[in-house]
2 protein chains.
Amino acid sequence: MRLSTKGRYAVTAMLDLALNGVDGPVTLAEISENQGISLSYLEQLFASLRAKELVRGVRGPGGGYYLGRSADDISIANIICAVDEWVEFTRCGGRKNCSGGERCLTHSLWDDLSSEIFDFLTKISLGDLIRRGEHKKADKAAHLSVVNDEGSRAA
Amino acid sequence: MRLSTKGRYAVTAMLDLALNGVDGPVTLAEISENQGISLSYLEQLFASLRAKELVRGVRGPGGGYYLGRSADDISIANIICAVDEWVEFTRCGGRKNCSGGERCLTHSLWDDLSSEIFDFLTKISLGDLIRRGEHKKADKAAHLSVVNDEGSRAA
DNA sequence: TTATTACCAAGTAAATTAGTAGGAAATGTT
DNA sequence: AACATTTCCTACTAATTTACTTGGTAATAA
């Protein structure tokens with residue numbers, strides 16, 4: 001698992017798309033404006049996202065992007081994997097007596113950790129993030145306070 | 001939260017240190033040999049780890065590194081933060097009507113996700129990883145073992 | 001027909017990663 | 001005291017990745 005700024009850009013853009021794409025497609029120009037990401041970089045990111053069918057593009061005036069499927073069916077891991085090019089970390093394949101030997105122990109430990117993080121991010125969907133945001137928004141709008149529900153954490 | 005190969009190197013090295021440092025300090029040369037990380041790069045990483053007091057160096061012959069504190073008191077997040085230089089992602093500080101406005105919503109959502117991942121990695125200690133590895137080792141010892149050695153690969 | 005949008009490819013500047021080189025400062029051993 | 005070993009420190013560099021730029025082509029609604 002890899003978690004870089006590139007992945008964040010992608011998650012942020014997808015979140016923007018999910019939030020603003022409820023009625024009609026969202027253009028990359030809008031997302032670029034909203035999130036301060038260059039248009040061309042977004043194009044690169046969306047090329048990857050489109051390849052994994054996480055988004056669907058519509059050309060021409062009034063066009064833009066839709067989510068490729070329901071926000072509840074798109075996990076954060078999906079998004080990050082689409083743009084971040086899964087990097088194999090254990091380079092023991094070619095190294096002397098790595099398999100079986102002790103020196104690979106740390107590698108397999110890291111692999112376990114890595115897939116645990118992956119599982120974690122797999123369980124969080126775009127839909128989850130949106131609902132979490134709606135709670136926040138509602139709280140703010142109603143000027144309520146003390147509703148301390150499970151997901152939201154004060155910072 | 002950031003999770004790069006640099007962080008992995010650090011976690012792997014710390015794991016190596018924790019595993020091999022039970023009786024006496026471990027030299028960076030050993031870790032370099034074990035993990036296939038260049039000595040100088042390890043020196044850089046350990047400079048950061050030392051600054052956060054996650055390791056303690058002993059100079060001279062027979063010297064090397066100890067863990068700065070108990071393996072149970074060192075979280076994966078500690079390690080990654082030490083070497084990875086926490087990057088503030090939300091760049092809204094200077095951007096027009098970002099605070100309060102809708103355009104910051106995705107940012108705060110990402111922040112929540114980010115700190116959730118951070119919490120997750122905070123709850124996993126080096127000690128946890130080691131214990132997990134010991135279980136694996138026991139399994140393996142009973143089996144022993146397919147030597148999966150493929151000869152040449154460019155170093 | 002035209003403007004608008006996705007889509008595509010090549011190149012580049014900036015940042016980060018990973019490694020080199022050449023030391024100096026401690027410290028145990030001889 | 002001399003020496004080898006090791007951390008510690010600085011500066012440089014190659015490779016890679018990130019983020020952006022430029023200059024298009026293709027589809028499509030108006």
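Just so we're on the same page: letters track the sequence lines, and every chain starts at 1.
- The side chain of B:R59 lies closest to C:dT27, out of C:dC7, C:dT27, D:dT18.
- A distance of 5.5 Å separates CH2 of B:W110 from CD1 of B:I117, quoted to the nearest 0.5 Å.
- In this entry the distance linking CZ of B:R50 with P of C:dA25 reads 15 Å, nearest Å.
- If you take CD1 of A:I37 and C1' of D:dT21, they are 16 Å apart, rounded to a whole angstrom.
- Within the structure, a side-chain polar atom (N or O) of A:S4 is placed less than 4.0 Å from OP1 or OP2 of D:dT18.
- Distance from the side chain of B:E43 is smallest to D:dC8 among C:dT17, D:dC8, D:dT5.
- Taking atom CG of residue A:L45 and atom P of nucleotide D:dT17, one finds them 15 Å apart after rounding to whole Å.
- In summary, the side chains of A:S75 and A:N78 do present a donor paired with an acceptor at a separation below 3.5 Å, with no hydrogens or angles considered.
- Both A:K6 and A:P61 lie near DNA chain D, and the one whose nearest nucleotide falls closer to the 5' end is A:K6.
- Across the protein-nucleic acid pair, B:E30 atom CD and D:dT5 atom C1' stand 12 Å apart, rounded to whole Å.
- With rounding to whole Å, B:E53 atom CD is found 18 Å from D:dT7 atom P.
- For the pair A:Y65 and A:Q44, nearest-nucleotide mapping onto DNA chain C gives the more 5' position to A:Y65.
- Between A:I31 atom CD1 and D:dC20 atom P the separation is 14 Å, expressed in whole Å.
- The side chain of A:T5 lies closest to D:dT18, out of C:dT20, D:dT18, D:dT28.
- Rounding to the nearest 0.5 angstrom, the gap separating the CG atom in A:N34 from the CG atom in A:D16 is 4.5 Å.
- The listed nucleotides are C:dT17, D:dA19, C:dT27; the one nearest the side chain of A:Y41 is D:dA19.
- Between the P atom of D:dT5 and the CG atom of B:L28 lies a distance of 16 Å, rounded to the nearest Å.
- For the pair B:G60 and A:T27, both in contact range of DNA chain C, the more 5′-proximal nearest nucleotide belongs to A:T27.
- Atom CG of A:L42 is separated from atom C1' of C:dA6 by 13 Å (rounded to the nearest Å).
- Distance from the side chain of A:R2 is smallest for D:dT17 among the nucleotides D:dC8, D:dT17, D:dC20.
- Between atom CD1 of residue A:I130 and atom CG of residue A:L126 there is a gap of 5.5 Å, rounded to the nearest 0.5 Å.
- With D:dC20, D:dT28, D:dT22 as the choices, the nucleotide that has an atom nearest any side-chain atom of A:S40 turns out to be D:dT22.
- Among the protein residues, A:L39 comes within range of no part of the nucleic acid, since none of its heavy atoms lies under 4.0 Å from any strand.
- Distances from the side chain of B:S38 to the nucleotides D:dC20, C:dG19, D:dT6 place C:dG19 closest.
- Under 3.5 Å, the side chains of B:S125 and B:D128 contain a donor-acceptor pair of N or O atoms.
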